[in-house]
Protein chains: 4
Amino acid sequence: MDNKKQHILDTALSLFIEDGYENTPTSAISKKSNVATGTLFHHFHSKHQILDELYIDSKRSLRLELIKNLQSTNDQQDILHLIWENYSRWAVSNPNKFRLLSRYSTSKMISAEAREQVDNTYQELINVLNESREKGLLAKIPLECVIMLTKLHFACAAEYFITHPEALQKKKLPKRLFQAYWRAIST
Amino acid sequence: MDNKKQHILDTALSLFIEDGYENTPTSAISKKSNVATGTLFHHFHSKHQILDELYIDSKRSLRLELIKNLQSTNDQQDILHLIWENYSRWAVSNPNKFRLLSRYSTSKMISAEAREQVDNTYQELINVLNESREKGLLAKIPLECVIMLTKLHFACAAEYFITHPEALQKKKLPKRLFQAYWRAIST
Amino acid sequence: MDNKKQHILDTALSLFIEDGYENTPTSAISKKSNVATGTLFHHFHSKHQILDELYIDSKRSLRLELIKNLQSTNDQQDILHLIWENYSRWAVSNPNKFRLLSRYSTSKMISAEAREQVDNTYQELINVLNESREKGLLAKIPLECVIMLTKLHFACAAEYFITHPEALQKKKLPKRLFQAYWRAIST
Amino acid sequence: MDNKKQHILDTALSLFIEDGYENTPTSAISKKSNVATGTLFHHFHSKHQILDELYIDSKRSLRLELIKNLQSTNDQQDILHLIWENYSRWAVSNPNKFRLLSRYSTSKMISAEAREQVDNTYQELINVLNESREKGLLAKIPLECVIMLTKLHFACAAEYFITHPEALQKKKLPKRLFQAYWRAIST
DNA sequence: TATGAATGAGCATTCATTCAT
DNA sequence: TATGAATGAATGCTCATTCAT
C-alpha cells in the first residue's frame, strides 16, 4: 500500500538530512525502511526521484502553511508578519522538510521537472513584497535583493526556533526577530 | 613543485563549486589538472584533505581581507561598514572561495581538525558586534541571532555583487544594502 | 482463457525477435500483452518455458507446412522443390517463427526436453536426401554436409523472400534459387 | 601492460562463445582472467566495448587471411577457390573468432561505430563476385543472393572443417565442397 | 617527485519469480 | 483465474586509493 512508499520517503528524508543525499546509499534507505532493495525501486524509478518527490512534497507542504489566515488584514506589514509566523511554525513542525529546502533548493540535484511543479511556492509572498514596494514602504533596493533578504531572514528565524523551540512560545523574541526583518527591508 | 599542488587545489575548487564535492571524482581533478592519478595522491593523502585545505585556505584568505584598515575609526557602525565592504570585495574577487564557505562551512564534510585551524575567522567581527551590543546599540535579540543575521546579510550582499559586479562600483546600492543590515540588527 | 496465453506467446515472439531473448524482460512481455506480471507466471512457470513453447510451436508449424502435397510425385528433385517451396511460403507467412528457429535452434537456450518433442521436424526432408544419395543423385559429400547445405540454402531463400515478398510471386527467381540449391548438392 | 588487456579479450572471447554475451557477467571475465573488476574497466569502458573490440579484431584477422596469395591467377573460379581455402583455414585456426562473427555480425549488439571500422572485410570477395557476374559466369540471381549464398557456403564448410579438422587435410572433400559452392552460384 | 596500471569495496539498478489478495 | 506489490540475488560500473616503476 501507499503506506510503504510514504515510509520510504520519510526514512529517506531523515537520512538525506543526516548524511546528505550523496552519502546515503539506497541500501541504507531500504534497510532502515525495512523493505527490500527491489521494493524501493518498485516505488521510485531512481534514487533521484526520491529526492525530487521529497522536494515537491516539502514545497507543497510549506506553501499550504505559508498562506494560512492571510485574508484577515490589509496592512502589508501585518501580512508579512503573518506569513513570517506561518513559516516559522511550519519549520519548527517540519524541521527536516525545512532543511531539505535550505540544502537542495538551489542545488543541481533537483530536476527541472520537479522545480516546475512547485515554482509558485512563494508567489503570494512575492506579490505582497511587490505591492509594498509599489506603495513605497520598502527600501530602495532591487526586488531581487528584497526577496533574498526575506528568504534569509525567514530561514534565520526558523533555524533559531528549531534549535530553541521554547523561543517560539515566548512573545518578545519572535516579535523582535520579525521587526529586525521588517526594519531591514522597509524604509 | 608547489606549483603543481596549487594547480590541483585551484582545479579542485572550481570543480567542487561546479559539481559538488561528492560529484567530483579525483580522476576528474587530476585529469583537468593535467597530472596523473598518483600525483594527486602524492600531494594529498586523501580527497578529503583537498577539501580541508581549500576550506582552510578560503577562511584564511577571507580573514586577511576582512580586517583590513580597521584601525581608522572607533565608531561601531563605521567599523561594521568597513568589514562589510571588505567582505563584499573579497567575495567578488574570490567567488569560488566564497561559495565554498557558503556550501561547506556548516557541513560534516570538513574535518574537525580543519575547523580548529581557522575557527577565529570572524573573531574581530564578533568582538565588534559584542561591543556594540554592550553599548546598547543593537536590538535585544540573542548574540547568536545577531551573528547569524550578520553572516546572512553579508552573504546576501556578496551573492548579489558576484552576479551583478557593476553594482559594487556604484555608490547607492552598496550603501543601502549595508543600511538594511544595520537597521536589522540595531535598535 | 487460452486466448490470453496465446496473446502472451505472440507478444513474446515479436519481442524476442526484435530485442533478443536475453534483452526482453518478462515485464516488457506482460506490459505489451496488457496483462499483469503475475498473469504471465500463471500461464508459464518461467521465462524459459515461453521460449521453449515458442520453439516447439514454430517447429510444429513448420513441419505441418513442409510436407504438404508431397504424395503427388516420385521424382526426387521435384519432391525437394516442393519442400523448398513449402518452406519459403511458410517463412514468408511466419517470418518471426522462421527467425526464432534461425536464431535459437542451435543455441543452448532451448531445453533438451523441448528439442526432444520436435526433433523429427526435418525427418521427411532428410529421408528424401538420403534416398537421393543412395540413388547416386547427389554429390559425394557427407550427408551431414548435404543437410547443412540444404538448411542454409532454404534459409537463404527464405530470408530473401521475407525481405522481397514480391519475388516469391514471380516465376523465374524462385526457380533459379532452387536450381542453385539443386546444383550445389547434386552431381 | 598490453598483455593484460589482450588476456581479458581472449578470456572474454571464449566465454562469449561458450555462454553467449548476455550470459557472461563481467565478473566471470575478470575472475577467469585473474584480474580485479576495476582492471577490466580500466581497459574497457564498458562490457559492450569488449564485444566491439573482439568483433573488430576478428574481422581484421579474417580480412588479413582472406586475401592472401590472390595475385597469382586471373581465373575467377581459381580466385574464389583461393579465397574459400583461405577462409576455411582461417576458421579452423580461429574457431572462436569465426563463431563470434557468425553469431554477432548481424546482431544489434555490435555498435555502428565498430561496424564502420571494418565494413570492407569482404570487399575483394564482392569485387570478384561482381566481375564474375559481369563476365556472365554466374547464375542470373541478384548479387545480394550470390553474396548471401557465398557467405553461407563458406560458413558451412568452415563449420564442417572445425568439427572435422582432419577433413581439411584430405584433398577430395575440400575440393567437392568448393565445387558444390561453385555449382550453386555459376551458370 | 611523478606516473598510471591495478585494486576491490561499494553503488544504483534490474529482473525473474513469489505470494497474499 | 488474475493481480501487482514485494523480494533479493545478481549485474555493470565507479572511484578513492595503492604501489611498482
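Protein chains get the first letters and strands the later ones, always in sequence-line order, with residue 1 at the start of each. The figures that follow rest on heavy atoms only: side chains count, while hydrogens, waters and symmetry mates do not.
Here the P atom of nucleotide E/dT7 and the NE2 atom of D/His43 are 9 Å apart, to the nearest Å. Rounded to an integer number of Å, the gap from D/Asn34 CG to E/dA6 C1' is 14 Å. Atoms CZ (C/Phe41) and P (E/dC15) sit 12 Å apart, rounded to a whole Å. Between the CG atom of B/Asn3 and the P atom of E/dT1 there is a distance of 13 Å, rounded to whole Å. Rounded to whole Å, atom P of E/dA6 lies 6 Å from atom NE2 of D/His42. Following rounding to the nearest Å, A/Asn23 (CG) and F/dA16 (P) show an atom-to-atom distance of 12 Å. One interatomic measurement links the two molecules: CG of B/Leu40 to P of E/dT3, which rounds to 11 Å at whole-angstrom precision. Per the geometry, CG belonging to B/Leu51 stands 15 Å off C1' belonging to F/dA16, to the nearest Å.
For D/Gly38 and A/Ser46, each mapped to the nucleotide of DNA chain E holding its nearest heavy atom, the one lying further toward the 5' end belongs to D/Gly38. Across the interface with DNA chain F, nearest-nucleotide mapping of D/Thr24 and B/His45 shows D/Thr24 to be the residue nearer the 5′ end. Projected onto DNA chain F by closest heavy-atom contact, C/Thr37 and D/Lys47 fall at different nucleotides, the more 5' of which corresponds to C/Thr37.
One side chain, A/Gln49 or A/Glu53, offers a donor N or O that lies under 3.5 Å from an acceptor on the other.
Of the side-chain N and O atoms in B/Ser27, none sit less than 4.0 angstrom from OP1 or OP2 of F/dC15. For F/dA2, one of the phosphate oxygens OP1 or OP2 lies less than 4.0 angstrom from a side-chain nitrogen or oxygen of C/Lys4. Between A/Thr39 and F/dT7, a side-chain N or O to OP1/OP2 separation shorter than 4.0 Å is present. Close to E/dC11, at under 4.0 Å from its OP1 or OP2, lies no side-chain N or O of A/Thr26.
Comparing E/dT3, E/dA6, F/dC15 against the side chain of B/Pro25 picks out F/dC15 as the nearest. You'll find that the side chain of A/Ala36 is closest to F/dG8, out of F/dG8, F/dT18, F/dA5.
The OG1 atom of B/Thr26 sits 6.0 Å away from atom CG of B/Leu40, with the distance rounded to the nearest 0.5 Å.
Here the side chains of D/Arg63 and D/Asn120 are in contact, with some heavy-atom distance below 4.5 Å. Taking 4.5 Å as the limit, every side-chain heavy atom of B/Lys59 sits out of range of all side-chain heavy atoms of B/Gln117.
Residue C/Lys31 qualifies as open at atom NZ: its count of foreign heavy atoms under 6.0 Å is 12 or below.
In terms of the side chain to side chain contact (heavy atoms under 4.5 Å, CB included) criterion, C/Arg103 has no residue partners (sequence neighbours excluded).
Salt bridge status for B/Arg99 with B/Glu18: absent, with no side-chain N to carboxylate O gap under 4.0 Å.
Partner of B/Ile110 under the side chain to side chain contact (heavy atoms under 4.5 Å, CB included) criterion, out of B/Leu54, B/Leu101, B/Leu100, B/Asp52: B/Asp52 alone.
The residue B/Ser30 sits apart from the nucleic acid: no heavy atom pair falls under 4.0 Å.
Where DNA chain E pairs in unbroken runs of 3 or more (Watson-Crick or G-U, both distances under 3.5 Å), the stems are E:2-21 with F:2-21.
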